[in-house]
Amino acid sequence: MMRFLNSDTVARAITRSGGLKGGANLVAKRPRRVIGCVGIALSFVFSGCDERPTSIAPLGVQTQGRLVWDSMLRHPALTDWLSYGRDLEGTHFSPLTGITRENVSTLQLAWAYDFGSIGGRLEGVPLALGGVLYVTTPWGSVVAIDGGTGALIWAWESGVPRFGGVLTCCGPVNRGVALYDGQVFVGLLDGRLVALDARSGDPRWERRTTPLESAYSITGAPRIVNGLVVIGNGGAEFGVRGYVTAYDANTGRMKWRVYTVPGDPNRPPESAALEQASRTWFGDWWRFGGGGTAWDGMSFDAEANQLYVGTGNGSPWSRGHRSQGRGDNLFLASILSLRPADGQLIWHYQVNPGEEWDYTATQNIILTDLTMDGRRRKVLMQAPKNGFFYVLDRITGELLSAQKYAAATWAIEVDLVSGRPIETTIARYGSTGAWISPGPRGAHSWPPMSWNPQTGLAYIPGENNDGYYRTSDEFSFSERRHNIGVGGPLPGTAPVRPPVDGPSGFLLAWNPTSQESVWRVPIDSPDHGGTLSTAGGLVFHAGGDGSLRAYDADTGDRLWEGEIAVGSGTPMSFGAGGQQFIAILAGTKLWAFTLFHS
């Protein structure tokens with residue numbers, strides 16, 4: 001029997017529920033009944049219809065705290081969203097088909113949970129297990145919410161100090177949690193990794209992953225790999241040395257730590273890979289940390305048993321100050337393939353050798369299979385900040401293709417034989433300075449792109465921008481301060497700023513096989529969130545104007561628009577009570593939409 005959302009049930013849930021401390025509560029539109037039956041793929045298909053609304057029991061009572069194991073992460077239930085990108089491959093694709101091109105116009109707000117005063121931007125992706133949503137706030141507090149009604153199940157406050165104790169490049173944010181074995185894992189701005197009981201929210205264990213009172217921070221979601229919780233960190237602008245750490249999910253015991261750049265050459269290198277990397281650095285780089293923080297992009301190929309990690313920019317930015325203007329500076333701005341058991345490097349590909357533009361390779365990494373040049377390949381795809389879309393053989397690290405998807409004046413092209421970019425004359429800006437595209441914002445940053453295996457397209461929330469780069473005349477490293485070594489134009493010396501091609505913001509459908517744009521929609525504000533693609537033939541994306549939109553995945557035609565709030569995260573989809581929902585964090589709320597009939 002098909003169940004309908006009952007307005008009285010939801011209204012009672014709204015009245016009962018509270019939020020985090022400080023008076024946050026639920027706000028919602030009274031939902032209306034759905035016309036007919038909504039079949040949601042395979043195990044979520046219903047037969048028959050009930051003409052009367054039926055109350056839905058709170059899902060949290062039945063499914064909260066269900067265990068998540070490795071097999072579930074590899075093959076999540078259609079209605080669940082168990083990892084940051086839903087699956088280990090990081091696709092941000094939902095196989096649910098209840099919401100389609102034909103009926104998305106009837107999508108309306110079901111409920112919205114208000115967190116109250118949050119003191120930052122909501123950039124996270126909620127996870128869903130059995131109809132229960134697990135969500136983080138900018139300061140790392142975690143809430144469990146009944147996905148069917150929006151009712152609060154439990155809330156845990158992180159205790160991260162709001163003043164004086166945390167450094168971040170771009171304000172307080174947290175991109176989400178990980179689920180495994182009845183636990184919820186969250187990384188915090190102050191460097192802690194915490195395991196919570198999924199049923200109660202009570203802490204099970206806590207580990208400090210960064211030194212006390214250091215310039216490190218954690219903004220990314222943890223990842224689960226073969227029973228390990230893997231976490232990176234940020235802070236390269238302040239002068240730190242990047243690393244990735246793996247902890248036993250049950251005990252919190254550290255299993256391994258891998259540094260992404262070499263340390264003090266007067267000390268033995270931590271690995272053969274870092275010994276190799278040290279030959280690409282010069283001067284006193286280790287005194288400045290070196291950078292290379294792994295603050296976001298990670299994916300896992302369970303069959304090949306390879307963990308893929310993207311690394312960040314140099315510290316300081318200017319290679320002139322960092323490494324005497326020489327060397328590739330491995331493993332900055334790179335994609336690393338690591339062996340999950342011990343973190344040993346299998347292969348690497350450096351997106352920007354000698355990086356000095358804040359062109360990170362920390363953007364989300366998607367795994368899929370493509371036919372290229374007549375051969376089926378297991379590939380890895382990334383659209384990093386530098387404006388090129390990369391496709392690599394994920395087993396060997398071989399570069400298969402790289403083409404511009406946004407304005408990029410720093411390079412002409414990427415040579416597929418050497419794998420290295422062919423840089424323009426302005427790329428190495430030096431003390432003269434130059435306007436270069438992209439600028440430090442990048443052509444694509446933290447908002448994840450999504451992949452639809454049915455259309456064969458990647459959907460990128462991108463930007464066209466530029467920035468002025470000039471190696472500063474002097475550089476003096478200061479603890480816990482911005483240490484980028486790049487300055488603005490000197491009076492009367494800056495060249496004329498050239499126009500930047502294309503709209504400032506865009507939503508792009510990209511064919512990775514042919515390496516070309518299929519459609520591109522201008523976005524008025526580049527301050528947008530990530531994308532969700534679905535088996536219903538849709539792409540969901542929130543622009544910077546406070547609206548969530550649904551587009552036809554094949555054509556880019558806008559099919560629906562709903563009001564949320566300015567400052568959004570990335571939409572996701574889940575199933576609860578026989579309904580498919582679209583959920584997104586924006587403003588101070590978690591918004592949930594489903595199909596209704598007026």
Side-chain angles (χ1 to χ4, degrees), residues 9-10 12-22 24-28 56-68 72-73 76-77 79-84 86 110-116 118 122-160 174-188 193-206 221-222 224 229 249 569 572-577 579 581 583-585 588-592:
T9 301
V10 177
R12 285 197 299 272
I14 295 168
T15 303
R16 288 195 307 267
S17 302
L20 292 171
K21 295 177 181 177
N25 52 31
L26 278 165
V27 295
I56 301 176
L59 290 162
V61 175
Q62 304 170 22
T63 61
Q64 179 205 354
R66 237 174 61 192
L67 298 184
V68 173
M72 295 171 64
L73 292 172
T79 54
D80 290 341
W81 192 287
L82 300 183
S83 303
Y84 179 71
R86 185 181 179 270
W111 53 263
Y113 184 90
D114 195 339
F115 297 96
I118 57 174
L122 291 168
E123 290 187 0
V125 178
L127 300 194
L129 173 62
V132 177
L133 301 180
Y134 299 91
V135 191
T136 58
T137 69
W139 291 89
S141 294
V142 183
V143 297
I145 296 172
D146 187 306
T149 65
L152 177 70
I153 298 172
W154 55 256
W156 174 81
E157 300 227 24
S158 67
V160 175
N174 187 290
R175 297 188 184 90
V177 300
L179 300 176
Y180 190 73
D181 192 16
Q183 298 175 96
V184 182
F185 303 93
V186 60
L188 302 176
L193 177 66
V194 181
L196 306 174
D197 186 289
R199 184 174 296 277
S200 64
D202 295 333
R204 287 193 178 179
W205 55 258
E206 176 182 307
I224 303 297
V229 188
M572 54 80 72
S573 187
F574 68 97
Q579 301 275 73
F581 289 81
I584 186 171
L585 290 162
T588 64
K589 301 174 184 176
L590 172 62
W591 309 75

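Remember, it's a predicted structure, so these values are computed and weren't measured experimentally. All heavy atoms count here, side chains included; hydrogens, waters and symmetry mates do not.
Smallest separation of non-hydrogen atoms from P126 and V135: CB-CG2, 3.9 Å. For the pair A576 and F581, the tightest heavy-atom approach, listed with the atom from each and the gap, is O-CE1, 3.5 Å. Listed here is the closest heavy atom pair of R86 and A77: NH2-O, 2.9 Å. Summarising the geometry of D146 relative to W111, their closest heavy-atom pair is O-CZ2, 4.0 Å, with the distance given to 0.1 Å. Of all non-hydrogen atoms in A144 and V132, the two that sit nearest each other are CB-CG1, 4.3 Å. The shortest non-hydrogen separation linking L127 to L82 is CD1-O, 3.5 Å.
Under a 3.5 Å cut-off, the side chain of D197 and the backbone N or O of G182 do not form any donor-acceptor pair. A donor-acceptor distance shorter than 3.5 angstrom exists from the side chain of N174 to the backbone of G187, with no hydrogens or angles considered. Remark: the backbone N or O of I118 is not paired with any side-chain donor or acceptor of T137 at under 3.5 angstrom. Under a 3.5 Å cut-off, the side chain of W205 and the backbone N or O of L193 do not form any donor-acceptor pair.
Here the straight-line distance linking atom OG1 of T79 with atom CD of Q579 works out to 13.0 Å at 0.5 Å rounding. One distance of note links CG of L67 with CD of Q183; it measures 9.5 Å at 0.5 Å rounding. A distance of 6.5 Å separates CG of L152 from CD1 of I145, quoted to the nearest 0.5 Å. Atom CG of L129 is separated from atom CE of M72 by 5.5 Å, given to the nearest 0.5 angstrom. To the nearest 0.5 Å, atom CH2 of residue W154 and atom OH of residue Y134 are 7.0 Å apart.
Residues V186 and S158 are not in side-chain contact: their nearest non-hydrogen atoms beyond the backbone lie 4.5 Å or more apart. Within the 4.5 Å cutoff, no side-chain heavy atoms of S141 are placed close to those of T136. Side-chain contact between W156 and D202 is absent, with no heavy-atom pair separated by less than 4.5 Å. Annotation: side chain of V229 is not in contact with side chain of Y180 (no heavy-atom distance under 4.5 Å).
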Next item on the list: Check the pair I224 / L179 against side chain to side chain contact (heavy atoms under 4.5 Å, CB included), numbers first and verdict last.
Entry: CA-CA 8 Å; I224 303 297; L179 300 176; over 6 Å; no
Check: Between L585 and F115, does a side chain to side chain contact (heavy atoms under 4.5 Å, CB included) hold up when you go through it step by step?
Finding: CA-CA 10 Å; L585 290 162; F115 297 96; 3.7 Å; yes
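Scored by the side chain to side chain contact (heavy atoms under 4.5 Å, CB included) test, A128 finds W81, L133, M572, F574 as partners (sequence neighbours excluded). Residues passing the side chain to side chain contact (heavy atoms under 4.5 Å, CB included) test with S573, sequence neighbours excluded: S94, L96, L532, Q580, I582.
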